[in-house]
Amino acid sequence: TSEQIEHLHRRFKQLSRDQLTIRKENFDSIPDLEFNPIRGKIVHAFFDKRNLRQESDGLADEINFEDFLTIMSYFRPIEMDMDEEQLDRFRKKKLKFLFHMYDSDHDGKITLQEYRNVVEELLSGNPHLEKESARSIADGAMMEAASICVGQMGPDQVYEGITFEDFLKMWQGIDIETKMHVRFLNMETIAHCY
């Protein structure tokens, strides 16, 4: 809505300090991101050209307000008047955004190493969990992904990584539409973002 766009524009201006673009360092002033273990991946996703609906790979150095709106559109809630086809498209866009967060080398697959990196980042705040335990969790999750997506594998088969189609299968039945949101846009926290 126009009201939401105005709200986002005010937030954009605060983050950019009234500049025409936002750079990665502008996200340093967001308290809700400060302690998020995957903060780097979230910020990276804002500058990932794949998420900006550009045809090229890589990262943008800065984003303008239109780019910011594009990224924020992945986080908007579902609308009550959406039909099944619109809901499916909406869901796939959100999941594509998440997929890009995990696929850090932009090759169209989430490899075991990429998945290990994410799990290690997510669990980094737990002082009682060793790195080897985090690796075991990632390895187990990757084996489960392989069984969901490929089925029973032979002893000589290697699961090369999670494709986007595999990712869609894994998220089937999980309500991503209401779980994926951005809290740092809450205007009450803006007073703390200088």
Side-chain angles (χ1 to χ4, degrees), residues 1-106 108 110 114 117-118 121-122 124-125 164 167-168 171 174-194:
T1 66
S2 59
E3 185 180 315
Q4 290 169 323
I5 292 171
E6 283 177 33
H7 176 83
L8 288 170
H9 192 257
R10 284 193 307 272
R11 190 61 170 124
F12 178 86
K13 287 179 70 169
Q14 287 174 320
L15 286 173
S16 71
R17 295 180 177 93
D18 284 323
Q19 299 299 308
L20 295 176
T21 59
I22 291 178
R23 301 182 68 80
K24 285 182 186 174
E25 52 270 15
N26 294 113
F27 285 83
D28 293 340
S29 64
I30 301 171
D32 285 340
L33 274 179
E34 187 177 350
F35 299 108
N36 190 315
I38 60 167
R39 175 193 184 287
K41 289 209 176 301
I42 293 168
V43 173
H44 186 92
F46 272 77
F47 296 86
D48 188 329
K49 290 181 180 179
R50 297 172 298 175
N51 294 333
L52 296 170
R53 299 186 184 134
Q54 297 179 6
E55 297 303 315
S56 58
D57 262 354
L59 294 176
D61 292 327
E62 53 191 24
I63 59 172
N64 61 26
F65 180 62
E66 187 178 327
D67 295 332
F68 185 72
L69 280 181
T70 298
I71 297 297
M72 295 313 300
S73 71
Y74 295 109
F75 297 94
R76 69 180 184 164
I78 59 172
E79 296 166 23
M80 300 315 280
D81 61 347
M82 286 181 165
D83 62 27
E84 287 300 315
E85 188 178 315
Q86 290 171 316
L87 278 171
D88 186 54
R89 243 188 347 265
F90 186 70
R91 178 179 174 77
K92 282 182 180 169
K93 284 180 184 176
K94 282 183 177 270
L95 289 172
K96 191 70 145 178
F97 181 86
L98 280 178
F99 182 81
H100 290 157
M101 281 180 60
Y102 292 100
D103 178 24
S104 58
D105 67 0
H106 301 222
I110 300 168
E114 287 171 325
N117 292 342
V118 171
E121 285 177 25
L122 282 170
S124 65
F164 182 62
F167 199 69
L168 289 175
W171 281 86
I174 298 173
D175 182 18
I176 188 67
E177 293 83 355
T178 58
K179 294 185 185 313
M180 190 170 152
H181 59 86
V182 177
R183 214 175 36 201
F184 76 80
L185 288 173
N186 183 350
M187 294 304 277
E188 284 107 45
T189 63
I190 289 174
H192 308 322
C193 299
Y194 294 110

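Take Asp105 and apply the salt bridge (charged side-chain N to carboxylate O under 4.0 Å, His left out) test, not counting sequence neighbours, and it matches no residue. Taking Asn117 as the reference, Gln113 meet the side chain to side chain donor-acceptor pair (under 3.5 Å) condition, with sequence neighbours excluded. Checked against ring pair (Phe, Tyr, Trp, His ring centres under 6.0 Å), Phe47 has the following partners two or more places apart in sequence or in another chain: Phe27. Taking the side chain to side chain donor-acceptor pair (under 3.5 Å) definition, one finds that Asn64 meets it with nothing, sequence neighbours left out. Residues that satisfy the side chain to side chain donor-acceptor pair (under 3.5 Å) test with Glu3, not counting sequence neighbours, are absent from this structure. Asp67 pairs by the salt bridge (charged side-chain N to carboxylate O under 4.0 Å, His left out) definition with nothing, not counting sequence neighbours. By the side chain to side chain donor-acceptor pair (under 3.5 Å) test, Gln4 is found to be paired with Thr1, residues two or more places apart in sequence or in another chain being considered. For the side-chain contact (heavy atoms from CB on, under 4.5 Å) test, residues two or more places apart in sequence or in another chain that qualify with Arg89 are Glu85, Gln86. Partners of His9 by ring pair (Phe, Tyr, Trp, His ring centres under 6.0 Å), not counting sequence neighbours, listed by chain and number: Phe65. For Phe164, the ring pair (Phe, Tyr, Trp, His ring centres under 6.0 Å) criterion is met by Phe99, not counting sequence neighbours. Checked against salt bridge (charged side-chain N to carboxylate O under 4.0 Å, His left out), Glu25 has the following partners two or more places apart in sequence or in another chain: Arg23.
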side-chain contact (heavy atoms from CB on, under 4.5 Å) assessment of Gln19 paired with Asn26: CA-CA 11 Å; Gln19 299 299 308; Asn26 294 113; over 6 Å; no

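Nearest heavy atoms, Thr21 versus Ser16: O-CB, 3.4 Å. Taking all atoms of both residues into account, the shortest heavy-atom contact from Phe90 to Arg76 is CZ-O, 2.9 Å. Taking each heavy atom of Ala60 and Leu52 in turn, the nearest pair found is CB-CD1, 4.1 Å.
Rounded to the nearest 0.5 Å, atoms CD1 (Ile22) and NZ (Lys13) are 12.5 Å apart. In this structure, NE2 in His7 is found 13.5 Å from OG in Ser2, a value given to the nearest 0.5 Å. Residue Leu8 holds its CG atom at 6.0 Å from CG of Leu69, rounded to the nearest 0.5 Å.
Each side-chain hydrogen bond (donor to acceptor under 3.5 Å, both in side chains) pair with one or both residues in residues 35-45, not counting sequence neighbours, appears once here: Asp28-Arg39.
A donor-acceptor contact closer than 3.5 angstrom is absent between the side chains of His100 and Asp48.
Residue Lys49 qualifies as enclosed at atom NZ: its count of foreign heavy atoms under 6.0 Å is above 12.
Between Leu98 and Phe167, some side-chain heavy-atom pair lies under the 4.5 Å cut-off. Side-chain contact between Ile38 and Leu122 is present, with at least one heavy-atom pair separated by less than 4.5 Å. Residues Asp88 and Lys92 have side chains in contact (heavy-atom distance under 4.5 Å, counting atoms from C-beta outward).
Applying ring pair (Phe, Tyr, Trp, His ring centres under 6.0 Å) to Tyr74 and the options Phe68, Phe97, Phe46 leaves one that passes, Phe97.
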